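Only this structure's heavy atoms are used, side chains among them; waters, hydrogens and symmetry mates stay out. Here, residue 1 is the first one in the sequence, and each next residue gets the next number. Predicted model only: the values in this text are computed from it and were never measured.
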Amino acid sequence: MSLAVPAQAQATNVALGRPSSASSIHAIGYPTQFAPEKAFNGIINTSDRWSSAVSPLPSNPEWIEVDLQAVHGVQSITLYVSRDSNYGRMVDFDVMSRTSNTASHQVVPGGAITGNTENVRTLTFAQPVNARYVRLQCKLATNDNLCRVREIQVFGSVLSNQPPLVFAGNETTIALPASSVPLQGSASDGDGTVTHYLWDQVSGPSPATLTGATSPSATASHLVAGVYVFRLTATDNQGATGSDIVRVIVHPESAPPDPRAGKLHVWNRGGRYDTAVFLPKDYGTRPGKKYPLVLSLHGRGGSTLNGDHTQVGANPEGFIRQLTPGKPLVDTFPGVVIAPNGPRVGAPLDTWWQVDATHTLVQQALSEYEIDPDRVTMTGLSSGASGVNEQMKKYRSTYAGGMPIAYFPPTPADVCELDDFPIWASGNADDGTFSVHRWTNATTGFQTLLRQCPGYGGEFLLTVNPSGGHSGWDSFWSRSDAQNWLVSQQRKAP
């Protein structure tokens with residue numbers, strides 16, 4: 001049953017219908033059922049709400065934010081922080097605000113809440129809080145520890161003479177010998193007009209020359225290698241000012257790319273774990289640049305090289321297949337991929353990844369190629385996914401994340417060793433060989449075994465496709481979110 005919104009709240013709720021964003025959105029019903037705008041639409045019931053996709057940590061909270069689109073003097077905030085009256089209540093959270101998208105978030109007076117037992121909570125301020133953005137930052141919730149908000153109501157009024165809203169443009173990167181760059185800014189004033197612009201240099205390795213510094217579009221020249229920060233300030237017809245900054249990165253003069261860049265080649269290691277390798281298209285152009293590394297392991301009957309290991313196979317099995325000639329990912333993938341050809345242990349279709357030899361390959365790749373040791377991930381299918389599991393268990397300190405596909409997890413006694421390690425497991429519900437559902441606890445539905453571990457860090461993802469049997473892995477690896485996940489993980493400090 002819907003909870004009625006008081007007429008006065010409806011009339012003065014300045015957050016109603018405003019643009020909103022969130023750290024994550026729960027996949028069930030995404031995005032129509034649990035999108036962030038559900039918390040600002042004036043409907044307060046048990047099904048219309050924002051819900052996070054993952055559990056928060058105090059050091060890595062989930063959040064939802066509304067843009068009031070102008071600075072307001074906020075007098076009070078009312079929060080409906082639960083799924084309903086009995087389930088999913090937020091326990092520890094902060095209510096924060098900021099006056100612009102470049103300002104730091106500040107906790108509002110009385111907004112640091114711990115041990116909350118209420119489903120509806122109102123914060124009333126003795127003095128109005130100046131805010132354009134209001135954020136609720138969730139650190140702990142009850143039950144399954146997912147953050148849920150049915151509604152956030154913000155009561156206040158627009159302040160007089162709002163400062164201009166300024167955008168200094170997008171970050172720009174150039175390489176020497178180019179030494180100048182256009183600065184494309186803009187500004188608007190919701191309650192007046194912009195009367196003056198001024199560009200200035202905030203920082204940089206040397207003084208730049210600014211041409212056209214009193215217009216929205218200027219030119220910065222005489223740049224040297226390094227990082228520059230420029231600021232655009234706009235003044236309105238009543239003297240209020242707003243500003244924004246933009247970075248300009250100047251690289252040293254580029255070297256020619258490595259002749260292997262953007263292609264597949266064979267890394268010959270004397271016959272044992274000879275490896276197919278992909279290098280990004282810009283590999284070698286930036287001296288000293290380090291790239292993410294993805295280890296790709298094929299299945300029991302697969303391969304990555306031809307019979308005599310002199311060429312990469314025309315249709316190599318594993319993630320590296322996404323980088324064969326003609327595939328669109330070749331032009332954009334920002335990481336190095338190594339895909340060893342597994343040795344035949346016994347019968348013709350008997351490849352199994354020996355854990356120490358596989359790890360030695362990865363260690364040698366760190367020396368052989370320009371690899372960032374903090375961004376090494378791995379993925380594999382079937383027996384290759386088993387190889388991923390074994391690397392995670394024995395050598396997890398080497399890796400930033402693992403993506404096993406079409407294989408069940410380690411034994412229940414071992415799985416909690418991975419409770420704070422980034423994992424994205426995937427498979428098909430009708431796979432009768434290695435059921436992906438073994439990553440879950442059958443007695444609690446979709447509750448994952450890892451989530452029940454005492455040290456669970458909230459970084460486990462599970463994708464269960466309804467059909468496909470023990471196949472169809474390429475369709476998962478072709479997803480941009482899966483590709484981005486592999487190159488965006490960062491190794492945790494030991």
Side-chain angles (χ1 to χ4, degrees), residues 1-3 5-6 9 13 15 20-26 28 34 36 38-40 43-66 74-98 104-129 131 133-156 416 419-420 441 444 446-448 450-460:
M1 182 176 70
S2 297
L3 181 64
V5 182
N13 177 13
S20 57
S21 58
S23 54
S24 65
I25 304 172
H26 200 285
I28 299 175
F34 300 133
K38 295 293 185 176
F40 304 99
I43 300 172
I44 309 173
N45 59 31
T46 60
S47 60
D48 187 279
R49 62 185 180 275
W50 167 70
S51 177
S52 67
V54 296
S55 300
L57 293 172
S59 60
N60 189 27
E62 292 294 299
W63 55 265
I64 181 172
E65 182 171 275
V66 62
V74 177
Q75 298 170 335
S76 67
I77 300 173
T78 297
L79 311 167
Y80 296 79
V81 287
S82 62
R83 188 187 75 179
D84 49 43
S85 60
N86 300 310
Y87 191 87
R89 181 181 66 255
M90 290 191 196
V91 178
D92 296 346
F93 57 88
D94 294 332
V95 183
M96 313 177 78
S97 68
R98 55 179 178 164
S104 299
H105 289 91
Q106 304 292 328
V107 178
V108 302
I113 309 297
T114 58
N116 175 54
T117 60
E118 302 174 12
N119 295 323
V120 183
R121 193 155 191 143
T122 296
L123 304 175
T124 301
F125 310 123
Q127 298 293 329
V129 173
Y133 299 88
V134 174
R135 172 176 290 199
L136 188 150
Q137 188 163 268
C138 171
K139 300 176 181 178
L140 177 67
T142 58
N143 308 115
D144 59 359
N145 195 25
L146 292 181
C147 304
R148 297 177 174 88
V149 178
R150 286 182 285 160
E151 194 76 11
I152 299 177
Q153 299 171 335
V154 180
F155 303 108
C416 284
D419 56 7
D420 62 344
N441 186 333
T444 55
F446 206 65
Q447 179 75 23
T448 64
L450 279 167
R451 193 182 292 276
Q452 298 175 5
C453 297
Y456 176 61
E459 296 186 88
F460 178 76

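Scanning for salt bridge (Lys or Arg N to Asp or Glu O under 4.0 Å) contacts around Glu65 gives Arg98, Arg135, with sequence neighbours left out. Every residue meeting the salt bridge (Lys or Arg N to Asp or Glu O under 4.0 Å) condition with Asp420, not counting sequence neighbours, appears here in chain and number order: Arg396. Considering only residues two or more places apart in sequence or on other chains, Phe93 meets the ring pair (Phe, Tyr, Trp, His ring centres under 6.0 Å) condition with none of them. Listed by chain and residue number, Pro36, Glu37, Phe40 satisfy the side chain to side chain contact (heavy atoms under 4.5 Å, CB included) test with Ser20 (two or more places apart in sequence, or in another chain). Residues meeting the side chain to side chain contact (heavy atoms under 4.5 Å, CB included) test with Asp48, sequence neighbours left out: Lys38, Asn41, Ile43, Asn45. In this structure, Pro128 has no side chain to side chain contact (heavy atoms under 4.5 Å, CB included) partners at least two apart in sequence or on a different chain. Considering only residues two or more places apart in sequence or on other chains, Asp92 meets the salt bridge (Lys or Arg N to Asp or Glu O under 4.0 Å) condition with none of them. For Ser82, the side chain to side chain donor-acceptor pair (under 3.5 Å) test picks out Arg150, with sequence neighbours left out. Glu151 pairs by the side chain to side chain donor-acceptor pair (under 3.5 Å) definition with nothing, not counting sequence neighbours.
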Any chance you could lay out the side chain to side chain contact (heavy atoms under 4.5 Å, CB included) test for Val149 and Met90, step after step, and finish with the verdict?
-> CA-CA 8 Å; Val149 178; Met90 290 191 196; 3.1 Å; yes
Go through the steps for Ile152 and Ile77 under the test side chain to side chain contact (heavy atoms under 4.5 Å, CB included), then give the verdict.
-> CA-CA 7 Å; Ile152 299 177; Ile77 300 173; 4.2 Å; yes
Tyr80 and Gln153: side chain to side chain contact (heavy atoms under 4.5 Å, CB included), yes or no, with the steps?
-> CA-CA 9 Å; Tyr80 296 79; Gln153 299 171 335; 3.9 Å; yes
Please step through side chain to side chain contact (heavy atoms under 4.5 Å, CB included) for the pair Tyr87 and Arg148, ending with a clear verdict.
-> CA-CA 10 Å; Tyr87 191 87; Arg148 297 177 174 88; 4.0 Å; yes
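Contact detail for Ala39 and Ile64: the closest heavy-atom pair is CB-CD1, 3.7 Å. Between Tyr456 and Leu57 the shortest heavy-atom distance is O-CD2, 4.5 Å. Residues Ser97 and Val108 share a closest heavy-atom pair of OG-CG1, 3.7 Å. Across Pro61 and Pro58, no two heavy atoms sit closer than the pair CD-O, 3.8 Å. Scanning both residues, Pro56 and Leu140, for their nearest heavy atoms gives CG-N, 3.9 Å. Across every non-hydrogen atom of Phe34 and Ser47, the tightest pair is CE2-O, 4.1 Å.
The side chain to side chain donor-acceptor pair (under 3.5 Å) pairs that include a residue from residues 112-125 are Thr78-Thr122, Asn116-Arg121, where partners are two or more places apart or lie in different chains.
Note: Cys138 SG to Leu146 CG = 9.0 Å, rounded to the nearest 0.5 Å. Taking CZ from Arg49 and CD1 from Ile44, the interatomic distance works out to 14.0 Å, rounded to the nearest 0.5 Å. The distance from the CG atom of Asn145 to the CZ atom of Arg451 is 8.0 Å, given to the nearest 0.5 Å. Atoms CD1 and CG, on Ile113 and Leu123 in that order, are 5.5 Å from each other to the nearest 0.5 Å. Here Lys139 contributes atom NZ and Asn60 contributes atom CG; the two are 12.0 Å apart, rounded to the nearest 0.5 Å.
Between the side chain of Asn13 and the backbone N or O of Phe155 there is no donor-acceptor pair closer than 3.5 Å. Within the 3.5 Å criterion, the main-chain N or O of Ser52 finds no donor-acceptor partner in the side chain of Ser24. Of the possible donor and acceptor atoms, none in the side chain of Trp50 sits under 3.5 Å from a partner among the backbone N and O of His26. Panel note: side chain Asp94, backbone Gln137; no donor-acceptor pair is recorded below 3.5 Å.
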